[in-house]
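Data first, discussion second: the structure below is written as structure tokens.
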Amino acid sequence: MIALIPLLLLVSACSGDLSTLAPAGPASRKVALLWWIMLGGACAIFMLIAVLLALVFFSPASLARVKTHHWLVGGGIGFPIPVLTALVAFSFMQGESLLPQSGSDPLRIYAVSRMWKWEFAYETPTGEVRISDVMHMPVGRDVIVEVTSDDVIHSFWVPRLGGKIDAIPGLSNKIALRADQTGTFGGICAEYCGTGHAGMSFRVVAHTESEFSKVIGGLGQR
């Protein structure tokens, strides 16, 4: 347990505007849960190896009684295969639940990336409106972001709201997001795209439904 103290201290610093461990929506909570479960599985394997290593140094006679084929079957198959199978199965289930659901009626936002900025487009009764480097969305409502690129491959990622998805020229990829609280969340390009990659960030502002309508309506009047 003492060995886990430094790990817990490091994890306690995993917060902030771009932290996947400070989720603000259902998709990001599933990503964070998957991370914690993966960490738990890794810790279980680490602890087993640590115990065996300790026995090698402090009680070699107890290990000498274990036959070679028991090590191969138990250590090489019996323990890692079930653990890895469970982790892979859970990750697939979590990943499937993050896909856009066809039965809902979400808001659609169109995100176009280019070196080194983001442009977000909305359909309004008065026509399409666009805004650079800021994406507005309502709280408590499913949002489908359709992502593409005008030049090279970029990657759309809002860590506190969900996973990431590539922005590929000539292709429209979709990602489902939902914010459970109002506020401003950081977004970044998560795919190296040239010399300006480090500064290719954007903000996501989550409003109440009424405030969101006012903001988008105001953009349409400009």
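Count residues from 1 along the sequence.
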Side-chain heavy atoms of Arg29 within contact of Leu33, under 4.5 Å: no
Nearest-0.5 Å distance that lies between atom CG in Asp166 and atom CH2 in Trp157: 12.5 Å
Nearest heavy atoms of Gly186 and Val158, plus distance in Å: O-CG1, 3.5 Å
Derivation of the side-chain contact (heavy atoms from CB on, under 4.5 Å) call for Val145 and Lys174: CA-CA 6 Å; Val145 185; Lys174 299 179 179 64; over 6 Å; no
Minimum-distance pair of heavy atoms, taken over all atoms of Ala179 and Ala206: CB-CB, 3.9 Å
Enclosure of Arg114 CZ (heavy-atom neighbours >12, cutoff 6.0 Å): yes
Closest heavy-atom pair and its distance - Ser149, Ala167: CB-O, 3.5 Å
Audit row: Leu107, Phe212, side-chain contact (heavy atoms from CB on, under 4.5 Å) steps and yes/no: CA-CA 12 Å; Leu107 169 71; Phe212 172 75; 3.5 Å; yes
Any side-chain heavy-atom pair of Asn173 and Leu171 under 4.5 Å: yes
Closest non-hydrogen atom pair, Gly187 against Leu18: N-CD2, 4.1 Å
Atom of Thr20, atom of Ala32 and distance for their closest heavy-atom approach: O-CB, 3.5 Å
Considering all heavy atoms, the nearest Ala24-Phe185 contact: CB-CE2, 3.5 Å
Validation row: Pro159, Lys164 side chains within 4.5 angstrom (heavy atoms): no
same_hphob_cluster(Val147, Trp116) at 4.5 Å side-chain heavy-atom cutoff: yes
Backbone N/O of Leu55 and side chain of Ser59: donor-acceptor pair under 3.5 Å: no
Cluster check Ile109, Ile168: I/L/V/M/F/W/Y, side chain < 4.5 angstrom: no
In one Ile/Leu/Val/Met/Phe/Trp/Tyr side-chain cluster, 4.5 Å: Leu177, Val205: yes
Connected via hydrophobic side-chain network under 4.5 Å: Val51 and Ile45: yes
Trace of the side-chain contact (heavy atoms from CB on, under 4.5 Å) decision for Arg160 with Ser28: CA-CA 6 Å; Arg160 294 191 62 197; Ser28 54; 5.5 Å; no
Selection residues 43-56 - residue pairs positive for side-chain hydrogen bond (donor to acceptor under 3.5 Å, both in side chains), sequence neighbours left out: none
Salt bridge flag under 4.0 Å for residues Arg141 and Glu209: yes
Met115 vs Val152, side-chain contact (heavy atoms from CB on, under 4.5 Å): CA-CA, chis, key distance, verdict: CA-CA 8 Å; Met115 296 177 179; Val152 300; 3.5 Å; yes
Sub-4.5 Å side-chain heavy-atom contact between Thr148 and Ser113: no
Hey, can you pull the donor-acceptor pairs under 3.5 Å for the side chains in residues 189-200, sequence neighbours left out?
residue : atom : partner : partner atom : Å
Tyr192  : OH   : Gly194  : O            : 3.4
His197  : ND1  : Glu191  : O            : 3.1

Validation row, ring centre Phe202 to ring centre Phe156 under 6.0 Å: yes
For residues 129-140, which side-chain donor-acceptor pairs fall under 3.5 Å, sequence neighbours excluded?
residue : atom : partner : partner atom : Å
Arg130  : NE   : Glu128  : OE1          : 2.9
Arg130  : NH1  : Glu119  : OE1          : 2.7
Arg130  : NH2  : Glu128  : OE1          : 3.0
Ser132  : OG   : Lys117  : NZ           : 3.4
Asp133  : OD1  : Trp118  : N            : 2.9
His136  : ND1  : His207  : NE2          : 2.8

Distance (rounded to the nearest 0.5 Å) between Ile188 CD1 and Ser201 OG: 8.5 Å
Cluster link Val143 to Ile165, ILVMFWY, side chain under 4.5 Å: yes
